[in-house]
Amino acid sequence: MAGTLVPIDQNRPADLTQAVHFGHNYPEASPETPGRARPDVSFVRKVFNDKLTFADGNDVAYWAFKDPNDDKPFPSTPLRLRQGQIVHTTIEAAINVHTIHHHGIEPSTFNDGVPDTSFNVSSDYTYQWRASRAGTFFYHCHRNAPLHVQMGMFGYLVIDPPTGPGTLYVGGPRYEVEALWATYDVDPFWRNYNHASGEKNAIADGTRLNRFRPRYFTINGVDAPRSLRSAKTTVRARVGQPILLRHLTGAYFPNVVRFPAALRPVVHMSDGEPLPAPTPLPDNVLRTTTAERYDLILTPSTAGTHTVTYEFRHWLTGAVAGTATAHVIVT
Amino acid sequence: MEAVQTDLSRRTLLKYGLCTLVVAGAGGSAVLGSATRASATVVNAALFVAHGERTMIDGLVVPFVGFGSTAARLELPGGQLEVQTGDTVNLDIVNSSSLPVGFAIAASPGFSGVDAAPIAAGTGRRVTFTAPSTPGTHFYVGTVSGSADTGRALGATGAMVVLPRDAARTSIDAQFPGVRARARRQPMFGVGTPPAIPASVAQERTWLFGELNPTTARDLAGGRISLPSDPEPEYFLINGLSGMLSAEDHHTNISGRAGGLGQPGDSTLVRMINTGRAPRSIHLHGNHFWVLSHPDTPWIVGAFKDTVTVPPGRSVSVLVPLEAPPDSYPVTNRAQKYVVHDHIEMAETASGGHYPSGMVSELILE
Ligand SMILES: [Cu+2]
Ligand SMILES: [Cu+2]
């Protein structure tokens, strides 16, 4: 049937840029930080690229941010600081233009890292903000965001209360072990695109950033067969010891996260604010979509290896597209 | 035969209805113009079904079947039908399209839903139902060729807002009972009393999310009766618009005066309705929002979040306080502009890219 129908594309105007200039012609700049103040804490994040290798032996390229002294991490080197601090995050964009948006942080527009409302950073810029909340956040590039986030340009942002690590927030629960487990699904085909793919002439160039068909399903870039041997996807604790899981949905496909009952998961926060009440996770299942964070306290009731299973559901059909795993090894 | 069809190009799209109308892209807060209150407990309204055309942000013209409040003017989405709890609602539906079109509202707790049989092309019928017994946000859909999914794919959708009977629509307690008592956030900067949720709202928005695959829409508008297992949508719409159009639409964007740190300004109730197949993960910059209702995850009601899931076919309401952006330094609460967008990033595209020409709008602090 499709073969006899008129292709719908033929009534597209030749010059797409006229109608979609919202996605075009962003300023590229490296300005001074307005109202620059003395920071309580400062970070530098350089853009770099490397490869992730999967259990089937294949690898894919990724782009991310790192502390200049770090090796090549995945996800990006975390940002960690304390509530109340004035923060400087300096992006060093290297050869392409990027931004850093601190997701869940609410700074001035100029410091929000969104090209649509400010600018892309051509060489470097120091984002300035003050941490009003404690909790779990993340940071990511906001340029051509569908592509740049999928390529890996994200990392954790953890804000401890003024007393430091060990307490989730002022008045919140204490913890002794911590896990930062972010879901991340990978479409190898998207590695054929370049930084600017889709920004102009997506139809003509064959760029299809609406077509996300992931083949690898990971926690922190680690797929299920390798997860038991990776420090990125395992934590160790004793029976009864409180473990804080800072969950981040970095995947584009929705996640259904299934916890063993023996971990007794209780949700305390989401998106950097406490829930109305600490909530034992109903049926030990968490349903979450891209960019949400949930902070859970796990209190293992028995010894053994307790595996958390992450389903990645097709965004349109809801069918299980793949699974990833992470593990709490309890002695 | 093939050559003839190829030559038709844009006119191919025009042949489907005798009265093909060009859509006025109304914002979701546009109230259904034909609705009148006949008595204390009765609302009468007229809905006209017709073929029309919608122009996407890149200029692509796509056929659709949808609703209008007059025979001469289609609206996208259909006008917001506002009723009070328990009202008797009489809808006079005139089907000027060439397809059979019914009328449905999904059932939900305390509401048995509406599923009116198809109205034949060129005829009309009165559909009567009793409004839900509790305040809330729903959507109606034209069941095109017998399918609500087809109606959703074509854009035959509009909001239905159920208001409290004897209380102001600005009251959080009247519309979302119990939420203020649950609501909780942490002390700002770790000290003092945490800010509270406002007791009332200064303004409202409705965001009706829809997806569009133009080839599918073309087939369905031409009378194809089942959805193919079609490829990904190409357009991702808020109130029928996307990209800079939904960002600049004053029915869609949130614009107002901000309060100070932890102090609400022109706090805004946002009714989010997802008519698409995918869930939405709606993220607001500049402010967190209070979750006022959630169909799947009742335990986040009363939480102060920055990203929320809107499941397919369901609605979620939130309150944006319009407080000063709490992490700004120096603190600023004037002349700021932030994006709000679906964080399932494929939905930020139009025709395969052109970020952010999909589901995006703005929060503007005047
Ligand atoms: Cu980037
Ligand atoms: Cu984000």
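Naming: A, B, ... by sequence-line order, numbering from 1 per chain.
Of the atoms belonging to A:His142, heavy atoms from both backbone and side chain fall under 4.5 Å from chain B. When heavy atoms are compared at a cutoff of 4.5 Å, A:Pro274 approaches chain B by way of both its backbone and its side chain. A:Ala37 touches chain B through its side chain: at least one heavy atom from C-beta onward sits under 4.5 Å away, while N, CA, C and O do not. Of the atoms belonging to A:Thr279, it is side-chain heavy atoms, and not backbone ones, that fall under 4.5 Å from chain B. B:His283 touches chain A through its side chain: at least one heavy atom from C-beta onward sits under 4.5 Å away, while N, CA, C and O do not. Neither the backbone nor the side chain of A:Leu168 comes within less than 4.5 Å of any heavy atom in chain B. With a 4.5 Å cut-off on non-hydrogen atoms, A:Tyr294 touches chain B through its side chain but not through its backbone. At a 4.5 Å heavy-atom cutoff, the contact between A:Asn144 and chain B is made by backbone and side-chain atoms alike. Contacts between B:His341 and chain A at a heavy-atom distance below 4.5 Å involve the side chain alone, from C-beta outward. For chain A, no part of B:Val331 is nearby; none of its heavy atoms comes within less than 4.5 Å. No part of B:Val291 comes within reach of chain A, as not one of its non-hydrogen atoms sits under 4.5 angstrom from that chain. For A:His140, the part sitting under 4.5 Å from any heavy atom of chain B is the side chain, from C-beta outward, and nothing else. Contacts between B:Pro233 and chain A at a heavy-atom distance below 4.5 Å involve backbone atoms as well as side-chain atoms.
The most heavy-atom pairs under 4.5 Å with chain B, out of A:Ala134, A:Gly84, A:Pro161, come from A:Ala134. With respect to chain B, the highest number of heavy-atom pairs below 4.5 Å among A:Arg208, A:Glu292, A:Arg133, A:Arg211 belongs to A:Arg133.
Between the CG atom of B:Asp342 and the OG1 atom of A:Thr289 there is a distance of 8.0 Å, given to the nearest 0.5 Å. The distance from the CZ atom of B:Arg185 to the OH atom of A:Tyr169 is 13.5 Å, given to the nearest 0.5 Å.
Among all heavy-atom pairs drawn from A:Pro276 and B:Gly302, the shortest one is CG-C, 3.6 Å. Here the closest non-hydrogen pair linking B:Tyr329 and A:Gln128 is O-NE2, 3.0 Å. Of all non-hydrogen atoms in B:Thr332 and A:Ser108, the two that sit nearest each other are CG2-CB, 3.7 Å. Closest non-hydrogen pair, B:Ile344 versus A:Trp315, comes out as CG2-CE3, 3.9 Å.
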Fill in: Candidate pair A:Thr117 and B:Lys337, rule side-chain hydrogen bond (donor to acceptor under 3.5 Å, both in side chains), full reasoning
CA-CA 7 Å; A:Thr117 55; B:Lys337 183 187 267 191; over 6 Å; no
Fill in: Criterion side-chain contact (heavy atoms from CB on, under 4.5 Å) on A:Glu106 and B:Glu323, from CA distance to verdict
CA-CA 11 Å; A:Glu106 287 140 1; B:Glu323 64 186 36; 5.6 Å; no
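Between the B:Gln186 side chain and the A:Gly272 main chain, a donor and an acceptor come within less than 3.5 Å of each other.
Ion pairing between a basic and an acidic side chain is recognised when a charged N comes within 4.0 Å of a carboxylate O; A:Arg293 and B:Asp306 show such pairing.
Under the 4.5 Å side-chain criterion, counting only non-hydrogen atoms from C-beta, A:His103 is in contact with B:Thr307. Looking only at side-chain heavy atoms (C-beta outward), B:Glu211 and A:Leu316 come within less than 4.5 Å of each other. Put simply, the side chain of A:Leu275 reaches to within 4.5 Å of the side chain of B:Trp299, judged on heavy atoms.
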